[in-house]
Structures are given as C-alpha cells and as structure tokens.
Amino acid sequence: MEKTSILVLIAEDEAEIRSILEIAFEDGGFDVVLVATGEEALEALDAQREALRAVVTDINLGGTASGWDVARHARELKADMPVVYMTGSEGKDWASLGVPNSILISKPFAPSQVLTAVSQLLNAGSTPAG
C-alpha cells in the first residue's frame with residue numbers, strides 16, 4: 001500500500017530557518033511547500049488548497065501579508081487547517097490575532113518542536129468526534 005504524503009506549507013522569511021524546517025519535515029515523512037513571504041504563502045494556499053494539510057508560518061514575514069493573514073486565509077479555505085505560528089516577538093498578540101486551535105512556538109526553537117506541534121494538530125483533527 002502506498003503511503004499518502006502530507007503536504008505542509010512553511011512560510012518563513014529567514015532562509016536558514018526555512019532550510020532547517022524543510023529538512024526536519026522531510027526527515028519526518030512530510031512533503032513541504034516553502035515560501036519566503038506572506039504573499040507567496042497566500043498564493044501557495046490558493047494553488048494547493050486541496051493538497052495542503054497544515055500551515056507553519058512565521059508571524060513577521062516582511063511585505064504586506066503577515067503570518068496572521070496567512071493563517072486566516074488558510075482557515076477560510078479549510079476551517080480545520082492546522083496552523084503553527086513561529087515568532088521571536090509577536091507572541092503577545094496570539095490571543096487576539098491568532099486563529100483558534102493553533103499553536104505558537106517562540107524562537108529560538110528546536111525543529112522537532114514544530115514537527116511535534118504539526119503532528120499534534122493533525123492527530124487532533126483526525127480524531128473521530130463523540
């Protein structure tokens with residue numbers, strides 16, 4: 001039986017962090033779409049809306065679209081899309097700007113923390129109700 005891969009969008013403006021996360025997720029058995037800006041993330045969400053299963057986004061992406069915007073757009077496309085935020089400074093706004101049932105991870109972090117957070121949200125979403 002062929003294993004179905006899980007596609008995760010990673011939006012991170014720092015190339016080194018993006019690369020580290022790419023390796024961690026691929027080693028964990030995930031497929032990734034990597035983008036560096038909020039605008040690229042919004043385009044990737046629209047282009048891959050059926051295939052994407054989770055979003056990992058930095059909050060400060062530069063440009064006009066933030067990680068908050070990326071997460072809200074993801075949830076407009078799929079109401080239960082798992083979202084993990086990464087930030088060095090914007091954590092205080094998570095309660096008011098973040099989407100419900102998301103996870104916030106402060107920088108610096110170990111790549112395994114992000115991988116675990118995505119896995120937890122994916123598992124929570126696949127648990128039968130009732």
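For Ala117 against Val84, the heavy-atom pair with the smallest separation is CB-CG2, 3.8 Å. The two residues Trp68 and Trp94 come nearest to each other via the heavy atoms CH2-CA, 3.5 Å. In terms of heavy-atom proximity, Ser119 sits nearest to Phe30 at OG-CZ, 3.9 Å. Across all non-hydrogen atoms, the minimal contact from Val83 to Ala71 is CG1-CB, 3.7 Å. The two residues Gly98 and Tyr85 come nearest to each other via the heavy atoms CA-OH, 3.3 Å. Closest heavy-atom contact between Arg53 and Pro82: O-CD, 3.0 Å.
Remark: of the listed residues Asp46, Leu52, Leu45, Leu52 is the sole one forming a side-chain contact (heavy atoms from CB on, under 4.5 Å) with Gln48. Under the side-chain contact (heavy atoms from CB on, under 4.5 Å) test applied with Leu21, the options Leu34, Val8, Ile10 reduce to a single match, Ile10. When each of Ile20, Ile17, Ile105 is checked for a side-chain contact (heavy atoms from CB on, under 4.5 Å) with Val114, only Ile105 meets the rule.
Taken to the nearest 0.5 Å, the CE atom of Met86 stands 13.0 Å off from the CD1 atom of Ile103. Atom-to-atom distance recorded for Leu7:CG and Phe25:CZ is 11.5 Å, nearest 0.5 angstrom. The OG1 atom of Thr37 sits 7.0 Å away from atom CD of Glu43, with the distance rounded to the nearest 0.5 Å. Here the CG atom belonging to Asn101 is positioned 14.0 Å from the CE atom belonging to Met81, to the nearest 0.5 angstrom. Put simply, CG on Leu104 and CG on Asp93 are 10.0 Å apart, with the number rounded to the nearest 0.5 Å. Atom CZ in Arg72 sits 10.5 Å away from atom CG in Leu42 (nearest 0.5 Å).
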May I have the list of side-chain donor-acceptor pairs in residues 56-64 shorter than 3.5 Å, sequence neighbours left out?
from  : atom 1 : to     : atom 2 : distance (Å)
Asp58 : OD1    : Lys107 : NZ     : 3.4
Asp58 : OD2    : Lys107 : NZ     : 3.3
Thr64 : OG1    : Glu39  : OE2    : 2.5

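At a threshold of 4.5 Å between side-chain heavy atoms, the hydrophobic network of Ile, Leu, Val, Met, Phe, Trp and Tyr places Val33 and Leu77 in one connected group. Under the 4.5 Å side-chain heavy-atom criterion for Ile, Leu, Val, Met, Phe, Trp and Tyr, Ile6 and Leu121 are members of the same hydrophobic cluster. The cluster map of Ile, Leu, Val, Met, Phe, Trp and Tyr, joined by side-chain heavy atoms under 4.5 Å apart, puts Val32 and Val35 in different clusters.
Scored by the salt bridge (Lys or Arg N to Asp or Glu O under 4.0 Å) test, Asp13 finds no partners at all (sequence neighbours excluded).
A donor-acceptor pair under 3.5 Å is absent between the side-chain atoms of Ser19 and the main chain of Ala15, judged by distance alone.
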